[in-house]
There are 2 protein chains.
Amino acid sequence: MTASTPKGERRRHALIEAAAGLLDEGGFDAVGHRAVAERAGLPLAATTYYFRSLDELVAAAVEHHARAELGRGWARLAELAVQPQDDESAVELVLDALIGPATAGAEQVVLRYERFVVAARRPWLGPVMRELRTELDALLMGALSQAGHPVEADELERLVAVVDGAVVNALIEAAPDPRAAGRRMLLRSL
Amino acid sequence: MTASTPKGERRRHALIEAAAGLLDEGGFDAVGHRAVAERAGLPLAATTYYFRSLDELVAAAVEHHARAELGRGWARLAELAVQPQDDESAVELVLDALIGPATAGAEQVVLRYERFVVAARRPWLGPVMRELRTELDALLMGALSQAGHPVEADELERLVAVVDGAVVNALIEAAPDPRAAGRRMLLRSL
DNA sequence: CCTATTCCGGTACGAATGTACCATAAAACA
DNA sequence: TGTTTTATGGTACATTCGTACCGGAATAGG
């Protein structure tokens with residue numbers, strides 16, 4: 001199950017990365033034993049050797065995927081050390097953190113909300129999801145502070161809700177532009 | 001494909017109702033040919049006879065399920081002809097319309113958001129989803145008017161976003177109470 | 001009443017899935 | 001070096017799935 005040797009740990013990690021990639025590109029349904037193994041360049045049996053079940057692999061992939069995105073969020077924040085202190089910039093930073101940068105694919109936006117839905121039905125994803133939300137909140141507070149618009153926890157919760165609601169509702173548009181929807185609603189709520 | 005005889009129409013409708021029930025109880029993944037047929041008390045082949053594909057059946061089920069819920073919403077509104085004119089009542093009416101009455105199961109709440117996610121990946125669900133949203137908006141405006149708190153379209157959009165965001169974020173709680181989350185955020189935003 | 005079209009339903013096929021098995025290879029330890 | 005875990009990977013199994021097939025029943029049109 002959990003690898004002990006360095007090589008084993010490398011293989012295990014390769015599987016998680018492959019699964020995270022599939023998750024990012026095709027959602028939860030795209031993560032299967034065979035697809036993960038092929039993407040990682042490993043035999044099928046490796047997936048069952050390092051993970052008790054597919055659920056365990058998926059959980060690891062969710063965590064890895066989210067943490068990687070969090071890392072990129074902090075990195076972007078560090079790059080923009082000198083940040084314009086207006087609301088428009090704050091809005092963009094919040095959108096970047098919540099649904100990814102404007103350059104990211106549409107799948108990533110969908111995935112954020114698929115995670116909530118899936119976690120609601122598979123309780124064992126709850127702990128990792130709550131932990132990730134805590135870290136995301138920290139990133140958001142950092143971003144807002146850096147843009148000269150610091151907020152309390154309550155206010156942050158409200159802003160997150162506004163963006164998530166606007167974005168999720170925008171997903172069914174004929175020509176979806178969830179980022180624009182989130183931006184518009186956020187600017188109205190600041 | 002589409003039934004012509006009265007009996008055929010009845011069977012076709014039975015399939016849609018069965019599919020809608022499965023959708024309500026287990027989400028999109030629960031809707032399969034065999035499950036629908038068994039629930040409707042019809043042979044497996046009936047599902048492929050009346051529907052070109054499973055996607056077509058699912059789309060019909062989504063529409064039926066949502067319209068039934070809309071109907072119940074209007075009915076509840078009609079029953080409460082004399083409605084207390086305070087904000088608390090308005091909030092409860094909005095919650096009833098958006099995520100179903102307090103007595104409804106948790107699955108129905110999850111389903112509302114799963115529909116957005118699924119529609120984002122399956123474009124042919126877009127038209128019906130947008131149509132249903134228009135009707136839901138009408139119900140919401142009616143409810144708010146009846147509670148003595150009429151709103152413009154823009155304001156309604158904001159309120160819907162606030163509730164949806166709060167609810168979807170509440171889905172990952174250890175002891176989820178999405179209705180309470182929506183209520184709290186909505187009261188703060190009125 | 002006869003024929004032609006529609007309806008019906010049991011069955012089967014091919015693909016994909018998660019997971020178990022097991023013989024071999026490598027490595028850890030004695 | 002010998003032995004005992006651990007790692008590896010090819011293969012197979014049991015299910016489940018969407019959908020196609022096709023003989024027979026029902027019904028409609030003449």
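Letters A, B, ... mirror the listed sequences (proteins, then strands); counts begin at 1.
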Testing the basics here: between B:D55 and B:W124, what is the closest heavy-atom pair and its distance to 0.1 Å? CG-CZ2, 3.3 Å

B:R52 CZ - D:dA20 P separation (whole Å): 11 Å

Would you indicate which nucleotide in C:dC8, C:dT19, D:dT19 comes nearest to any side-chain atom of B:S53? D:dT19

N/O (side chain, B:R11) to phosphate O (OP1/OP2, C:dC8) under 4.0 Å: yes

Name the closest nucleotide to the A:H33 side chain, picking from C:dG9, C:dC7, C:dG18. C:dG18

Would a 4.5 Å heavy-atom cut-off, applied to side chains only, mark B:L98 and B:V167 as touching? no

For A:L15 and C:dG18, what is the distance between atoms CG and P respectively, to the nearest whole Å? 14 Å

At less than 4.0 Å, is any side-chain N or O atom of B:R34 found next to OP1 or OP2 of C:dG10? Yes or no. no

Between A:A45 and A:D29, the residue closer to the 5' end of DNA chain C by nearest nucleotide is A:D29

Reading DNA chain D from 5' onward, which residue's closest nucleotide shows up sooner: B:T47 or A:P43? A:P43

Without decimals, in angstroms, what is the distance between A:L57 CG and C:dT19 P? 10 Å

Using the side-chain contact (heavy atoms from CB on, under 4.5 Å) rule, take B:E157 and A:R188 through it: C-alpha gap first, then chi angles, then the decisive distance, then the call. CA-CA 11 Å; B:E157 196 185 0; A:R188 210 196 294 174; 4.0 Å; yes

Here the distance between atom P of C:dA20 and atom CZ of A:F51, to the nearest Å, is 16 Å

Specify the separation, in whole Å, of atom CG of A:D55 and atom P of C:dT17. 15 Å

Mind running side-chain contact (heavy atoms from CB on, under 4.5 Å) on A:R130 and A:R133 for me, showing each step along the way? CA-CA 5 Å; A:R130 291 191 288 275; A:R133 177 176 52 187; 4.1 Å; yes

Look at A:Y49 and D:dA7 and indicate whether a side-chain polar atom (N or O) is within less than 4.0 Å of OP1 or OP2. yes

How long is the line joining CD of B:E38 and C1' of C:dG9, in whole Å? 15 Å

d(CG, B:L44; C1', D:dC17) in whole Å: 10 Å

Presence of salt bridge, B:R112 and B:E69, under 4.0 angstrom: no

Whole-Å gap separating P (D:dA7) and CD (A:E9): 11 Å

On a heavy-atom basis, which atom in B:V36 and which in B:A18 lie closest, and how many Å separate them? O-CB, 3.6 Å

Give the minimum heavy-atom separation between B:E63 and B:L132, together with the two atoms involved. CA-CD1, 4.2 Å

Pairing pattern in dot-bracket form [Watson-Crick, G-U; both distances under 3.5 Å; | = partner strand] for DNA chain D: .||||||||||||||||||||||.||||.|

